[in-house]
Amino acid sequence: MTFIRAPRGTIDVFPERPEIWQRLEETVRSVCRNAGYTEIRTPVFEHTELFQRGVGEGTDIVEKEMYTFLDKGERSITLRPEGTAPVVRAYLEHKMWAGPQPVKVYYIGPMFRYERPQLGRLRQHTQFGVEALGSSDPALDADVISVLISVYQSLGLEGFVVRLNSIGCSVCRPRYKENLINLLSKDVDELCSDCRRRLERNPLRVLDCKNERCKELAKKLPPIFDHLCEDCARHFRGVTKHLEALGLVYKLDPTIVRGLDYYTKTVFEIIHSGLGAQDALGGGGRYDGLAEELGGTATPGVGFAAGIERAVQVLSDAAGEACEDASNIDVFIAAMGDESKLQAFRITHALRKKGVSSDIDYLDRSLRAQMKYANKQNVKTVVIIGEDELAGDYAIVRDMATGEQTQVPFGNLIQVLAQNTTLLR
RNA sequence: GUAGAUGUAGCUCAAUGGUGAGAGCGCUGGACUGUGGCUCCAGAGGUUGCGGGUUCGAGCCCCGUCAUCUACCCCA
């Protein structure tokens with residue numbers, strides 16, 4: 001019988017990491033609340049069609065990365081690979097367009113993609129994100145971007161860069177693509193094999209190829225900024241104007257494209273050098289055509305998604321081993337003998353009711369071993385109870401930092417420990 | 001889907017094709033019948049990922065397979 005391991009591309013979060021996760025999630029919630037976003041929780045699985053239509057048939061996500069299966073009712077179900085399409089689905093399904101606009105929501109939850117795992121890439125990972133629906137105001141694009149930045153700033157993270165681009169709309173993007181194809185087709189033989197494929201499927205991707213020769217050719221190509229239609233150009237100027245009004249630093253980058261079909265106009269990424277090849281902490285953009293694509297009323301929207309695991313990675317690198325010595329409990333009660341142990345059990349539970357975290361030995365260990373254990377747990381105060389103490393109606397309270405011990409009558413013990421603990425905290 | 005690297009104790013790693021596969025850390029116990037950290041002693045813990053092959057003999061060489069890591073494609 002072989003041992004069952006976690007499936008490929010999944011992880012257990014447990015050593016010191018949960019603390020970073022909690023801090024991150026709390027920060028996301030408070031920053032979002034502060035900016036007027038309310039939480040939305042959508043299902044972890046949806047009808048496969050939602051992603052086929054929303055994310056796009058030609059995308060890698062839909063083409064080869066979805067966890068899709070038939071349920072017992074023969075429905076095709078897919079574990080959500082991303083959060084935007086489900087949120088837009090919920091917006092349409094609950095007729096949120098009939099209420100006050102814009103609708104600003106945020107989410108935190110697991111996403112699933114069937115990929116080969118590597119640094120910063122898992123099959124189940126967690127994203128937080130926001131979506132703002134019902135307005136095409138460029139100020140809203142800037143609002144969304146500012147939330148993303150604020151989360152990392154609030155966490156004290158440094159060294160991230162925001163990259164910004166516009167990929168136009170259904171009017172100007174096809175024209176630009178056509179232009180690229182014309183310009184590149186005479187150099188087809190010089191492109192790498194990937195780019196030759198890209199030229200047919202998504203010419204914009206040639207712009208951010210890592211191949212040296214392709215980069216040279218890409219440099220000669222005109223940036224998309226020069227080819228935006230009047231509407232898109234004006235919108236883009238609006239976004240940069242609002243970012244600058246907040247003093248937010250960004251880098252214009254005509255090479256960023258995005259892997260999902262629904263993006264229009266604004267697209268952006270936030271990257272960090274400590275992440276390896278997958279250097280994006282998060283990314284997003286505007287998706288003015290998505291609601292209609294899903295069969296609903298036309299509704300503009302803008303949002304982003306960011307990876308929790310990736311943020312945890314850079315945060316824990318930054319923190320180093322600083323947060324190692326946190327203890328789980330305030331007071332450990334070491335006891336010898338059946339009667340003392342029963343007394344210790346009572347005291348432990350009485351302490352917990354007072355808000356003092358406390359625990360006892362469950363392995364019938366010697367006093368020495370119990371002390372050793374308490375020390376390993378970084379407990380600040382140990383209470384010692386044996387026959388002598390029971391007979392004398394007191395307990396020994398030991399301060400583990402100084403080694404000082406005092407005798408405290410059982411009658412005062414709870415109160416003394418409670419006071420002690422608040423002082424030590 | 002493709003490529004490379006790596007699989008030996010709980011962890012990090014040793015071991016020219018040759019005796020019974022070792023060390024450090026960790027864990028448990030003891031020296032100290034009732035007092036942690038330091039020190040010393042002892043103990044537990046291994047199908048060398050799995051399956052074949054070559055060989056008198058394989059942890060080591062060969063083939064296959066699985067897993068992990070990193071990278072490509074692409075993305076959080």
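Throughout, protein chains are lettered first and strands after them, A, B, ... in sequence-line order, and every chain is numbered starting at 1. What you see is a predicted model, and the numbers here were worked out from it, not measured in a lab.
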Do A:Glu65 and B:C74 have a side chain to base donor-acceptor pair shorter than 3.5 Å?
-> no
Would you mind telling me which of B:A71, B:A76, B:U35 lies closest to the side-chain atoms of A:Leu119?
-> B:A71
Aromatic rings A:Phe225 and A:Phe236: how do their planes relate, parallel, tilted or perpendicular, breaks at 30° and 60°?
-> parallel
So what does A:Gly129 hit on the nucleic acid, given a heavy-atom distance under 4.0 Å: a base, only sugar-phosphate, or nothing?
-> nothing
Please measure how far the P atom in B:G37 lies from the corresponding atom in B:C25, and state the result in whole Å.
-> 15 Å
Roughly how far apart, to the nearest Å, are B:U28 and B:A67 at atom C1'?
-> 31 Å
Against the side chain of A:Glu387, the closest entry in B:A76, B:C27, B:G34 is B:G34
Tell me whether the guanidinium CZ or amine NZ of A:Arg123 lies under 6.0 angstrom from the six-membered ring centre of A:Tyr114 and within 45° of its axis.
-> yes
Would you kindly check whether a donor in the side chain of A:Glu115 faces an acceptor in the base of B:A76, or vice versa, at under 3.5 angstrom?
-> yes
Nearest-Å distance once atom P is located in both B:U65 and B:G1 = 13 Å
Could you tell me which nucleotide pairs with B:U2 by Watson-Crick or G-U wobble geometry, both distances under 3.5 Å, or answer none if nothing does?
-> B:A71
Atom CZ of A:Arg368 and atom C1' of B:G37 are separated, to the nearest Å, by 11 Å
Given atom CG of A:Leu363 and atom P of B:U28, what is their separation to the nearest angstrom?
-> 9 Å
Could you measure between the two P atoms, the one in B:A15 and the one in B:A71, and give it in whole Å?
-> 28 Å
Sugar-phosphate only, base, or nothing, as touched by A:Ala280 at under 4.0 Å among non-hydrogen atoms = sugar-phosphate
What is the distance, rounded to the nearest whole Å, between atom CD1 of A:Ile396 and atom P of B:G34?
-> 14 Å
Could you check which of B:G34, B:C72, B:C73 has an atom nearest any side-chain atom of A:Ala277?
-> B:C72
Which distance, rounded to the nearest 0.5 Å, do you find between the CD of A:Glu82 and the CZ of A:Phe51?
-> 6.0 Å
C1' gap between B:G59 and B:U48, integer Å = 5 Å
Looking only at B:G29, B:C73, B:U35, the nucleotide nearest the A:Met371 side chain is B:U35
Identify whether any heavy atom of A:Ala334 sits under 4.0 Å from a base atom; if not, whether one sits that close to sugar-phosphate; answer base, sugar-phosphate or nothing.
-> nothing
Gap between atoms CZ and P, on A:Arg116 and B:A5 respectively (whole Å) = 15 Å
A:Arg8 CZ - B:C69 P separation (whole Å) | 8 Å
Reckon A:Glu389 touches a base, only the sugar-phosphate, or nothing at all at heavy-atom distances under 4.0 Å?
-> base
Six-ring centre of A:Tyr250, A:Arg163 cation under 6.0 angstrom, axis tolerance 45° = no
Pair A:Tyr67 and A:Phe45, ring centroids less than 6.0 Å apart = no
Measure from the side-chain N and O atoms of A:Glu387 to the backbone N and O of A:Gly337, and report whether any donor-acceptor pair falls under 3.5 Å.
-> no
Would you indicate what A:Ile61 reaches in the nucleic acid, counting non-hydrogen atoms under 4.0 angstrom: base, sugar-phosphate, or nothing?
-> nothing
Touch class at under 4.0 angstrom, heavy-atom based, for A:Glu82 against every strand present | nothing
Separation of the P atoms in B:C11 and B:A42, to the nearest angstrom | 25 Å
